[in-house]
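Since the structure comes first, as structure tokens, the remarks are kept for the end.
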Amino acid sequence: MDPDFLSVFTQATALNAFPAESVITPGEEKKLINPTSSKNPKLEELKLLLIDWINTTLKEEHIVVKSLEEDLYDGLVLHHLLENLGSLKLDVDKIALTEKKQRQKLSVILEAVAKCLQLEESQLKWSVESILTKDLLSTLHLLVAIAKHFKPNLAMPPNVQVETITIENTSRGLKTKNAVEFITGSKENLEAQSQEDAFDELFSCAPDKLDAVKKVFLQFVNQHIEKLGLNVKDIESQFADGVILLLLIGQLEGYFLNLRHFFLTPTSTTEMLHNVNLALDLLTDGGLLNFSVNSEDIVNGDMKTTMRVLYCLYSKYKAKET
């Protein structure tokens, strides 16, 4: 017997629990949170946390969110949230009353999110259509991604997972597939996040210790790159073009960096970004970098971001210091 035929009957109760707007048109496939997971305590905790975060962030703008599904689909709240968090000026109307205008607005907003978070289209777990149709799973993935980027110290519950059901309307009827999907990361990812929090605290609450930390990093870096006849005196400026970072990674990780793969004397921002992105890719591939880094921050001389990246190397190789 065709297992897909049987699954239509075994999933009938679950399918009936979906709201009317979740009707699947012929040839369409849609993934939704299985109603059996709707009362998951961890999911409820995450939803309440995100609602409270949004309301706190937008308090001065007198915006109050009560439901993630009902209050975010038209782009109004997302528009205000992004402008408030990232100082992004989006070229869209504040209020979009028609579905056409809402779709256009969401397209601009989500494009800005993907660009800011440096996400490829294949990495996106949401779409204009899914947000517009009030899909909770997509909305949660979107908000969690925004929060992790702009508010990394937000204490989201770890390992929030839901049962999903993918429904496809085929010529033979409804075809379903069950799976489990994580919305927030594992413990390891949260440990990487706590590292970011430590640097936030260092810069905001203990600036008197900042020079001491910088000195430790400079000693560590120079210990390894002096073999190449190089010396670093300023973390803020000398890592901006990615050259020192690449050479340091090469020394520590044993990479042979072909000069054809990077710019030894970059003359433009584009070439600097190429170098920094290559360095971040090497760190990620080597298992040393497991949190999001905006390469533009390093090129622009953001010391906090640069020090976070250096710490990934320092924490592994500090035992080799003499």
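Here the structure is a predicted model, which means the values were calculated and not measured.
T265 pairs by the side chain to side chain contact (heavy atoms under 4.5 Å, CB included) definition with nothing, not counting sequence neighbours. E44 meets the salt bridge (Lys or Arg N to Asp or Glu O under 4.0 Å) test with K47; sequence neighbours excluded. Applying the side chain to side chain contact (heavy atoms under 4.5 Å, CB included) rule to A279 yields the partners L245, L246, I249; only residues at least two apart in sequence or on another chain are considered. In this structure, the side chain to side chain contact (heavy atoms under 4.5 Å, CB included) partners of N231, at least two apart in sequence or on a different chain, are N222, K233. Shown here are the side chain to side chain contact (heavy atoms under 4.5 Å, CB included) partners of L230, two or more places apart in sequence or in another chain: I225, L228, I244, L247.
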Is there a side-chain contact (heavy atoms from CB on, under 4.5 Å) between L43 and I183 once you walk through the steps?
CA-CA 9 Å; L43 178 62; I183 299 175; 4.1 Å; yes
Should L110 and L142 be marked as a side-chain contact (heavy atoms from CB on, under 4.5 Å) after you check the CA-CA gap, both sets of side-chain angles, and the distance that decides it?
CA-CA 9 Å; L110 297 185; L142 174 61; 3.8 Å; yes
From CA spacing to verdict: side-chain contact (heavy atoms from CB on, under 4.5 Å), F239, L310
CA-CA 10 Å; F239 284 92; L310 288 176; 3.7 Å; yes
Working for side-chain contact (heavy atoms from CB on, under 4.5 Å), residues L143 and L72
CA-CA 10 Å; L143 289 175; L72 275 80; 3.6 Å; yes
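The line from OG1 of T176 to CD1 of I167 is 7.5 Å long, rounded to the nearest 0.5 Å. The CG atom of L132 sits 8.0 Å away from atom OH of Y73, with the distance rounded to the nearest 0.5 Å. Separating the OG atom in S295 from the CG atom in D302 is a distance of 12.0 Å, to the nearest 0.5 Å. Rounding to the nearest 0.5 angstrom, the gap separating the OG1 atom in T133 from the CG atom in L32 is 8.5 Å. The CD atom of E29 lies 11.0 Å from the CG atom of N169; values are rounded to the nearest 0.5 Å. Atom CG of residue L68 and atom CG of residue D135 lie 12.0 Å apart, to the nearest 0.5 angstrom.
Within a 6.0 Å sphere centred on NZ of K101, other residues, nucleotides and ligands contribute 12 heavy atoms or fewer. By the neighbour-count criterion of 12 heavy atoms within 6.0 Å, atom CD of E120 is sparsely surrounded, having that number or fewer from other residues, nucleotides or ligands.
Looking at heavy atoms from C-beta onward, M272 lies out of side-chain contact with I298 at the 4.5 angstrom threshold. The closest side-chain heavy-atom distance from L78 to V113 is not below 4.5 Å. The closest side-chain heavy-atom distance from I51 to K66 is not below 4.5 Å. Looking only at side-chain heavy atoms (C-beta outward), K304 and D297 stay at 4.5 Å or farther from each other. Considering only heavy atoms from C-beta on, I54 stays 4.5 Å or farther from I63 through its side chain. Side-chain contact between F150 and N84 is absent, with no heavy-atom pair separated by less than 4.5 Å. V232 is not listed as a side-chain neighbour of L248, based on a closest heavy-atom distance of 4.5 Å or more. Residues K215 and D211 fail the side-chain proximity criterion, which asks for heavy atoms closer than 4.5 Å.
Salt bridge status for R103 with E99: present, with a side-chain N to carboxylate O gap under 4.0 Å. Contact check on K316 versus E253 returns a salt bridge, with a Lys/Arg side-chain nitrogen under 4.0 Å from an Asp/Glu carboxylate oxygen. A salt bridge is absent between E181 and K125: the closest approach of a Lys/Arg side-chain nitrogen to an acidic carboxylate oxygen does not fall below 4.0 angstrom.
For the residue pair T57 and W53, the shortest heavy atom distance occurs at OG1-O, 2.7 Å. When all heavy atoms are compared, the tightest approach of P266 to D241 is CG-CB, 3.6 Å. The shortest heavy-atom contact between L154 and A147 is CD2-CB, 4.0 Å. Across every non-hydrogen atom of L289 and C312, the tightest pair is CD1-SG, 3.9 Å. Closest heavy-atom contact between L124 and A114: CD2-CB, 4.2 Å. Smallest separation of non-hydrogen atoms from N294 and C116: ND2-O, 4.2 Å.
Using the six-membered ring where Trp is involved, F217 and Y314 have ring planes that are perpendicular, over 60° apart on the 30 and 60° scheme.
A donor-acceptor pair is defined here as one N or O able to donate and one able to accept, closer than 3.5 Å; no such pair exists between the side chain of T166 and the backbone of K30. Under the 3.5 Å distance criterion, the side-chain polar atoms of K42 are matched with a main-chain donor or acceptor of P158. T164 places no side-chain N or O within 3.5 Å of a backbone atom of K31 that could act as its donor or acceptor partner. Side chain of D71 to main chain of V65: no donor-acceptor pair is present (N/O by atom type, distance under 3.5 Å, no hydrogens or angles).
Screening residues 263-282 for ring pair (Phe, Tyr, Trp, His ring centres under 6.0 Å) gives F263-H274 as the qualifying pairs, with residues at least two apart or on separate chains.
V276 and L264 end up in the same hydrophobic cluster when Ile, Leu, Val, Met, Phe, Trp and Tyr side chains are linked at under 4.5 Å. Residue L48 is not grouped with residue L137 when hydrophobic side chains (ILVMFWY) are merged at heavy-atom distances under 4.5 angstrom, including chains of intermediate members.
No donor-acceptor contact under 3.5 angstrom links the side chains of H224 and Q251, judged on distance only. There is a side-chain donor-acceptor pair under 3.5 Å between T267 and E271.
When E70, E69, E129 are each tested for a salt bridge (Lys or Arg N to Asp or Glu O under 4.0 Å) with K134, only one passes: E70.
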